[in-house]
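Keep in mind the model is a prediction, meaning the values are calculated, not measured. Protein chains get the first letters and strands the later ones, always in sequence-line order, with residue 1 at the start of each.
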Amino acid sequence: MAKYNDDLKQLNLPEIDRIIRQFWEENDIFNKSVNQKSIDNSFVFYEGPPSANGKPGIHHVMGRAVKDLFCRYQTMKGKRVERKGGWDTHGLPIELSVEKELGITKEDIGTKISVDEYNAKCRETVMQYKDQWDDITRRMGYWVDLDNPYITFNNEYIESVWWLLGQLYQKNLLYKGYTIQPYSPAAGTGLSSHELNQPGCYRDVTDTTVVAQFKTLQESLPAFLQGLGDIHILAWTTTPWTLPSNTALTVGPKITYALVKTYNQYTFEPVNVILAKALIEKQFAGKFFAVESEEQLASFQASDKKIPYLIVKDFVGSDLEGIRYEQLLPYALPYQNPENAFRVITGNFVTTEDGTGVVHTAPTFGADDAKVAKEANPEVPPLLVLDENGNAVPLVDLRGKFRADLAEIGGKYVKNEYYADGEAPERSVDVEIAIKLKEENKAFKVEKYVHNYPHCWRTDKPVLYYPLDSWFIRSTAMKDKMIELNKTINWKPAHTGEKRFGNWLENLNDWNLSRSRYWGIPLPIWRTDDATEEKCITSIEDLGKEIALANEKLGLNQSVPKDIHRPYIDEVILVSPSGKAMKRELDLIDVWFDSGAMPYAQWHYPMQNRDFIDKGVTFPADFIAAGVDQTRGWFFTLHAIASMVFGKVAYKNVVSNGLVLDKNGVKMSKRLGNVIDPFETIAEYGADATRWYMISNAQPWDNLKFDLEGIDEVRRKFFGTLFNTYSFFALYANIDGFSYSEKKIPLAERQEIDRWIISLLNSLVQEVDAEYSDYEPTNATRKIMTFVDEHLSNWYVRLCRRRFWKGDYSQDKIAAYQTLYECLNTIAKLMAPVGPMFSDWLFKNLNDATSLEACESVHLADFPQADISAIDKALEQRMDYAQRISSLVLSIRKKEGLRVRQPLTKIWLQVLDSSFISQVDAVKELILSEVNVKDVEYITDTEGFINKKAKANFKTLGKILGKHMKAGQAMIAEFDQKAISQLEKTNAYTLEIEGEKFVLTTEDIEVSFDEIPGWQVAVDKDITVALDISLTDDLIAEGIARELVNRIQNIRKTSDFNVTDKITIAIEDHDIIRPAVAQFGEYIKAEVLGISIALGNADGGELVEITDDVSLKIKVAKV
RNA sequence: AGUCUCGUAGCUCAGCUGGUUAGAGCACUACACUGAUAAUGUAGGGGUCGGCGGUUCAAGUCCGCCCGAGACUACCA
């Protein structure tokens, strides 16, 4: 006969992991779980590609547990869930690690190392830790197809990306423009925000700052500023070298500004200046003092130590809009619309934290500046001039030098740091400009200022914000479509979609696609030198045709490169319609586009597998998941590309999980040494405990404070309990040879408690199913845990233990086995998505012995379906009563020092409602045996000796009484017995408060009985229990009999007798023993499998304590 | 700086549309139970629900401001 596996004497999750992993691999369970399901009933899942050039961390286990569990759940719900793996292979981190490893820089590529070698090295590095990733994938039990993954550097993948870009190009959503970006002149390259955020990049530096006086044009001043003489606007800058490029001044529309009369501290000329009122004290600190009148002001002399100032009037920023001013440093004029430059505009980003509340605006060197200048009406032109080739360029070139034709500053570097060692002039341009402004009465104040400024991580020199050419996707044009589509996506949690993602879409900017890098997907756009003609290539075939055409027209001998990465692709020359040569735009595309293209590119769409997308076989996804930090990353790129190219969503359901922090809530980092090694964790605690802990401890979208002790708790509390329950079952089922071969006993023929746990189990199935399908795994796991711990183990098994080991293999025993078996088998299925290994071990142990299920693994089984007819809410309620009543009685026993082995006569229960008596009667025997009491009686309001108490029902009463609630509550609490019985009899009671009358019904008042004179009472919410604690001789004798049983059992156990051994018993004679043996001898014998009990000589027996004061010898012998 | 999330017992978390004395598990202490025993039960201590103000008869729950933690975006004259 098949046996239930009892190899494990105690829970060993890593061992179970090993067994199950081996089983899965040998039997190809993953593939079966996919292939057994019909393609017509798919659940589409997208794997967000990890990058294998970093080691997997514990947070990856978290993210993948979330992905895995929903895929497993849907599989069990009958869906076919293909899980194509993928690798993200492009991007800066890979270039950096290659360069670091080889000890080279970008400049060495092509000289110290060939492009081939570099390219090969990148490919290799990308997969550096692939083995570790594969390993963690297996160990954590994450099912994903790693045999046929998509890889973003493959030509097929790139070709699909080109096609997508081509679609955008055809829709006129791709264009070239410029933005202000961080740029390192010394390195000659733009910097990503990622590079700027490297540690040590932001540094405190001391710069020369200037508060400049911009002289307004009289005729442009509003009326309230007329007739006051020359008026200057003050604006502060920490980068005086940008002042020649100033084309506007920005004020905050709602900020209050003031006109102040004073004297210039360098020229001592009288001046009228405008600045934010809130900053007057700051700007006029030290050298200045406030005066109240023109006279005081006029009395100033240049030799005075302190300079007076007078606040004349104030006004808000919007009043200043449109004022024009003289260009501060007229080295050059904007080549476009110079008439729109040099005026006051408004911007909401202006603050009064420091400076003057007026922002010097140079659109060529500041991102905010460029934005606000563009938004102004008419647009403020940036200070761009035309170079010798007629191209518009800023006043500073790419090396960080002023253009040569700019008088005395021409040809100088804007920062002294950019000069080679020893070549920097004594005075930096900043200082030179400051001096010039002082001399010309254009500087209000010049001082040194310490501030935080980014530096290039490679050259250590300050970064310049500089306008750089870039290719953009005109995502703003599709903004409304994206917003509309987003509303159809089910976000978990909802606020990530509505708020975070929604806001991001509302404030969408065009997508800057360009990266001046090396290892990535090349932009497939070719242009003529004069940029008048261009072509966008959309496939390799297309490229081949164009190459052939170019070969023909230009007399070249080119072919399609084997690898379409840089630099091979850069060598390809195409021909324009007018016959000119075209070169590729050198940019690579943002790697985020790679990942957003995966729904299509993973299948090499549209060159292959057209139906997958066009017929919706694998598009859109039913479900994706990734970290919340991907909101603007993967979640956005998927959404943007699907919206813009296909006009559809890319995913219907999305779970964004939070971060994994250390147990103190601090982000894990190598530097802090608080990183948790996923391999070690899984090796010690097992994959299931780790996964279960992560899912059950906090909602996936909340940050998880990862604590190994928490995993241990889950192991003990949940897996330990479940394991014990199974072991218990297996022990006796093996003894009795239960293999579920008997016919299933109808529920109606089983005991109340069996029907109860089955009812609860079916309720659980319903709830857990709903939670999983609603992407609420935490609730699902918590419900399963409560069931296993509180109901199955601590109530059902505890109360039913006797049924398993006592007596013959009866119908009742079989019913108990069937019931427990069903619970364990169903729990295995319910928990399988989150704890895939233990659940399969449990499932197989059960099924291997019974062959009840046709499938070999729990992951090939169907998710349980609740049997509605088995759910009996009344039964669940009365068992809840039983549990609570028992608990109350036990607590009274505890208080009174009455051990449970001492029988008592009676408990009294307060009757709650009409069904209460019949409900409790049905579980009466359970309660009585659990608490060792002989009988139950019910208290109804006919008894006269109970004190009833009235309490307000706040919920109903609040609506009736309103503001009289407090008074009403007090009055109700004071109700006497008469008032209560009047209310109960007539169902009406009139309450009078401050002259107002209110008619109350029994619904508004709760009556309780928490005092019964002479009884011990305990209360739990609505249930009140009273216990009769008086003892009789008979009760005492019975109590002693039970004590004896207990002692004899202990002796059997310590003597290592078999559970089935029969014994003879001899007990030392004593007064307290005699009545017990006389009255309960048969009972004792039956309990301990004794064939005789002798009183008297027990020499050689064990001395044991019977009561606190009596110890006697007991001798037990095997027959 | 902006947007979003979070802040409840020593720790991890519940607390539905506002309603009576704010709950559970872990940990701690005491006791009990014992044919699940490296398990189990009962009881106990422990809380200004981050702070302040408001709405309301009634606020952990709704609103405003502030503080703290985190994420993302932006980078500032």
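Comparing the P positions of B:U56 and B:C4 gives an interatomic distance of 27 Å, to the nearest angstrom. For the C1' atoms, the distance from B:A24 to B:A9 is 11 Å, rounded to whole Å. Taking atom C1' on both nucleotides, B:C28 is separated from B:G68 by 29 Å, rounded to a whole Å. Taking atom C1' on both B:G54 and B:G45, the two are 36 Å apart, rounded to the nearest angstrom. Annotation: B:G19 and B:A32 have their P atoms spaced 41 Å apart (nearest Å).
Rounded to an integer number of Å, the gap from CZ of A:Arg782 to P of B:C16 is 14 Å. Rounded to whole angstrom, the span from the CH2 atom of A:Trp692 across to the P atom of B:G25 amounts to 18 Å. Atom CG of A:Leu799 and atom P of B:G41 are 13 Å apart (whole Å). Atom CG of A:Leu722 is separated from atom C1' of B:A39 by 14 Å (rounded to the nearest Å).
Side chains of A:Leu505 and A:His639 form a contact here, defined as non-hydrogen atoms less than 4.5 Å apart. At a threshold of 4.5 Å between non-hydrogen side-chain atoms, the residues A:Phe706 and A:His59 do not count as touching. Looking at A:Glu776 and A:Gln699, their side chains come closer than 4.5 Å, going by heavy atoms from C-beta outward.
Distances from the side chain of A:Arg798 to the nucleotides B:A36, B:C26, B:C75 place B:A36 closest. The A:Lys717 side chain lies nearest to B:G25 when the options are B:U73, B:G25, B:A14. Comparing atom distances between the A:Asn503 side chain and each of B:C4, B:G19, B:G25 picks out B:C4 as nearest. The side chain of A:Asn794 lies closest to B:U40, out of B:U12, B:C57, B:U40. For A:Met965, whose side chain is taken as the heavy atoms from C-beta onward, the closest listed nucleotide among B:C57, B:C75, B:U12 is B:C57.
Distances shorter than 4.0 Å separate none of the side-chain N or O atoms of A:Arg500 from OP1 or OP2 on B:C72. Close to B:C6, at under 4.0 Å from its OP1 or OP2, lies no side-chain N or O of A:Asn703. Between B:A27 and A:Arg716, a contact under 4.0 Å exists linking OP1 or OP2 to a side-chain N or O. Contact check, A:Lys499 against B:U5: a side-chain N or O comes under 4.0 Å of OP1 or OP2.
Of the two residues near RNA chain B, A:Thr237 and A:Ser793, the one whose nearest nucleotide lies more 5' is A:Ser793. When each of A:Tyr693 and A:Phe728 is assigned the nucleotide of RNA chain B bearing its nearest heavy atom, the one mapping closer to the 5' terminus is A:Tyr693.
Residue A:Lys371 qualifies as open at atom NZ: its count of foreign heavy atoms under 6.0 Å is 12 or below.
Salt bridge present: A:Glu1087 and A:Arg802 bring a charged side-chain N and a carboxylate O closer than 4.0 Å.
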